[in-house]
> 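First the structure, which I've put down as structure tokens, then a few questions once you've had a look.
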Amino acid sequence: MSDLKNIYKAYGSLNIFVDFSISFRKNQINCILGPSGCGKTTLLNIIAGLISPDSGTIEGFNRDRISYVFQEPRLLPWKTVSENIEFTLKDKVPGEAIHELIQKYIRLMELDGYSNYYPGQLSGGMKQRVSLARAFSFPSDIILMDEPFKGLDYKLKQSLQNSFTDLWEQDKRTVIYVTHDIDEAIELGQEIYLFSRHPVKILKTFKKNDFVANGKNNRLIIDLME
Amino acid sequence: MKRYIYLLFIIILTISCNQQKKSHAIITATLKGPSAMAIIKMIEDKPLLQGNIPTEFIIRNEPNQVRAMLLEGTVDFAMIPSTMAALIYNKERSYILSAVPVWGTLYLFGTDTAIHSWKDLKNKKISLMAKGMSPDIVFRYLAIKNGIDPEKDIRLDYSFPTHIELANAIAAGVSNLGVISEPMVTLVMQKNPDVVPLFDLNYEWKKIFGDSIPFAQTAVVVKKELTEKSPVLVDEYLSLIQKSVDWVNKNPVEAAALIVKHDILPDTLTALKSIPRCNLFYSQAFKEMDGIQEYLKVFYIFNPLIIGGKLPDEKFYYKEQAH
Amino acid sequence: MKNFITKNRLISIAGILLLFLIWKIISLFAGSEQIVPSPENTLMTVIRVFGEKGFWISLIYTISRGLTGFVISILLAFIIGIPSGSNRSIYLLFNPFLVAFRSTPVISLILLAIIWLGNELVPVFIAILTMFPIMATNIADGIRNVDTHLIEMGKIYGIKHKRILREISIPSIIPFITSGVSSAMGFGWRAIIIGEVLAQPRFGIGTQMQNAQIYLQVSELIAWTLIAILISYIFEWIVRTIEKRFIKWK
């Protein structure tokens, strides 16, 4: 288990987290579902070490082994697809293995033939594929994902979600997946945490099985989220 | 397409218009200085030539301004440095030399009273107007003849390219040494009593060349066309110049009053003091041809480009009908 | 040869020929070699000028001034630009100076500089005053525009600080630098030549131009102007080529 205990975080007079605690089960997809702007991204950034909480403890997270898939692809425009993936691997994976690793994930993310393309030449969907390839090829224990497929059209979203789940099936790392899309959460998550507005509280926790043939839970989520 | 034809037409029209400036008066361009002082009587009287042709006088501060008018062909007579006259003749053939009324008026002056000989100039900064103009060339030439290398031994400064700027710089003490012509010397001395004339360049010139090469500083040029069409008028005009020069030398007090009246100098005392220093003396160009050629040759040897690449031929010198 | 003669190239060549044709027509109507010399005579003059002793010395002096000015400008631009880009207060402090220098007409700077500095130094000084504000501003902007999202990504993936600098910050700033250099180059050369014309240092293209003016050598004046244009064009081309190599990813 990876835990955050008694987290306090405020921005000025805005209290995002007040004595907030949460535990994540390892090697499963943990979905955080909540309204926009409630602090989900802040939580991810605290886990990633980008920001520090005002107080509280964080256990079970190895800061050196974190991948992050952002809402924007965040690729380096002056590096090619394979160079972008190589960028994060350089100090973590020994030289000889890098090339093979990059090729593997390029294949898995269906980016064959685009190794030497620059991000400027790629579509939004393809760029996000590269971001996923980068995240998965990186030797991480935990993958943080912040609304990675937001704003993409339905078909593209489906395709990327499938690629993601395919990848995950082969290599089940801990994933913390933030979204405000109910369907997406139900689709992908093994465990779903419902967040309130700030100061953030966990309203309810669902397990994947709770949704099989149980329409009542969907309505419940919608009500709670309002 | 039509628009382009109109544009071309306008360009052609403008250029050809510039070539033909018709005027009924005889226009003279002169410089604010000894040149204007020499013909001050004419400037005052505005005589009528051949009974009915009026004269006009344009007075400018800088030789380059007069040069522009000569290149455009808008004046009939002009008073400019002899070297400039030769340059324009060699390039354009439009104006020829008719008389020399002003001889050496250049001085090295300033507040640096430690200068007694050319040797004392070593490592000093001397301000000159416009590089390549007569004062610059004359000074450098005299320096070389007196054992000073103008490139190495002294610092030549051209920051003040016009008469007024240089005069102000010396008066204000921004520069301690300068080369300038009368009457600016007297003028600056009135402004700043610490300024004194140090070398009379006319005198220095005579020391080297004796009387064999006169310092034919300023020339009266006349439009070649005019000398071909109306030689009698030209001769009449030149005789008026001679009369004016004689009159100024013989009646300095009245001349000084006119000089102030026409804004050449600010006060009569300055004018009176500077008249004798201006070396006004009328000479016919043709009569002085050999001497003037020798004078021009000095510049030619220094840098042939100054007078246009070659010595002018004898057609450069106007021959008066009478006298 | 086929590759060389493209349609666009032909149109450009036609344009240049048209220019010479118009020049020739105007020179015929002007009537005098002193007012508008014919293109053939000017071309002959250019060739003659190449052979003259003073040519190479003047060229070398002017180019060295240009390069010296350029190097000093870049160094100054980095010294001022980097802190300005990294720190808002420093930026606000320097900005008025940079704007003032950028906006002041070159000629005013030259006239002042002649009084303070003396002939030989003026052209380089002016070139620096013209070039460095442009480059400094560009460097500062480049630094301020580094994408913080990318830096965050680097930090999260545990990239060492040195690599973040080398592989994220610097490549992001380079297009700003090259564009600054490109603009500055054009202004810089013009400033040097004007500086030389007015300050009259012993050797230089501007000095030659001024001499041609004094001695009524119109052909020479145009010839030197063409040479100045050529130099400016060559250096701009060099910078553009280098620039292309750096930003091929755009």
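In what follows, chains are A, B, ... by sequence order, proteins preceding strands, each numbered from 1. Side chains are part of it too, since the values below use all heavy atoms of this structure and drop only hydrogens, waters and symmetry mates. Note that the structure is a prediction, hence the values are computed from the model and not measured.
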> For A:Q121, which atoms come within 4.5 Å of any heavy atom of chain C: side chain, backbone, both, or neither?
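For A:Q121, no heavy atom lies under 4.5 Å from chain C.
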> Identify which part of A:L144 has an atom lying under 4.5 Å from any heavy atom of chain C, answering side chain, backbone, both or neither.
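Neither part; nothing is under 4.5 Å.
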> Between A:R134 and chain C, with a heavy-atom cut-off of 4.5 Å, which part of the residue counts as in contact: side chain, backbone, both or neither?
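Both backbone and side chain.
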> Would you please test C:E167 and A:F87 for side chain to side chain contact (heavy atoms under 4.5 Å, CB included) and show each step?
CA-CA 9 Å; C:E167 295 180 62; A:F87 175 70; 3.3 Å; yes
> Should we count NZ of C:K244 as having more than 12 external heavy atoms under 6.0 Å?
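Atom NZ in C:K244 is not packed in, count stays at 12 or less.
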> In this structure, are over 12 heavy atoms from other groups packed under 6.0 Å from A:F61 atom CZ?
yes
> Are more than 12 heavy atoms from other residues, nucleotides or ligands located less than 6.0 Å from atom CZ of C:F55?
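More than 12 heavy atoms, drawn from other residues, nucleotides or ligands, come within 6.0 Å of this atom.
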> Among residues 152-163 of chain C, which residues come closer than 4.5 Å to chain A, judged by heavy atom distances?
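Expected list: C:E152, C:M153, C:K155, C:I156, C:Y157, C:G158, C:I159, C:K160, C:R163.
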> Is the CD atom of A:E100 crowded by more than 12 outside heavy atoms at less than 6.0 Å?
no
> Taking side chain as everything from C-beta outward and backbone as N, CA, C, O, which of these in A:Y68 sits under 4.5 Å from a heavy atom of chain C? Side chain, backbone, both or neither.
both
> Rounded to the nearest 0.5 Å, how far does CD1 of C:I151 lie from CZ of A:R74?
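CD1 of C:I151 is found 11.0 Å from CZ of A:R74.
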> Which atoms form the tightest heavy-atom contact between C:L150 and A:L75, and what is the distance?
CD2-O, 3.5 Å
> Is A:Y114 atom OH crowded by more than 12 heavy atoms from other residues, nucleotides or ligands, each under 6.0 Å away?
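Not buried by this count: 12 neighbours or fewer within 6.0 Å.
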> With a 4.5 angstrom heavy-atom cut-off, which part of A:D64 approaches chain C: side chain, backbone, both or neither?
neither
> Give a yes or no on this: more than 12 heavy atoms of other residues, nucleotides or ligands lie within 6.0 Å of atom OH of A:Y117.
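At most 12 heavy atoms, drawn from other residues, nucleotides or ligands, come within 6.0 Å of this atom.
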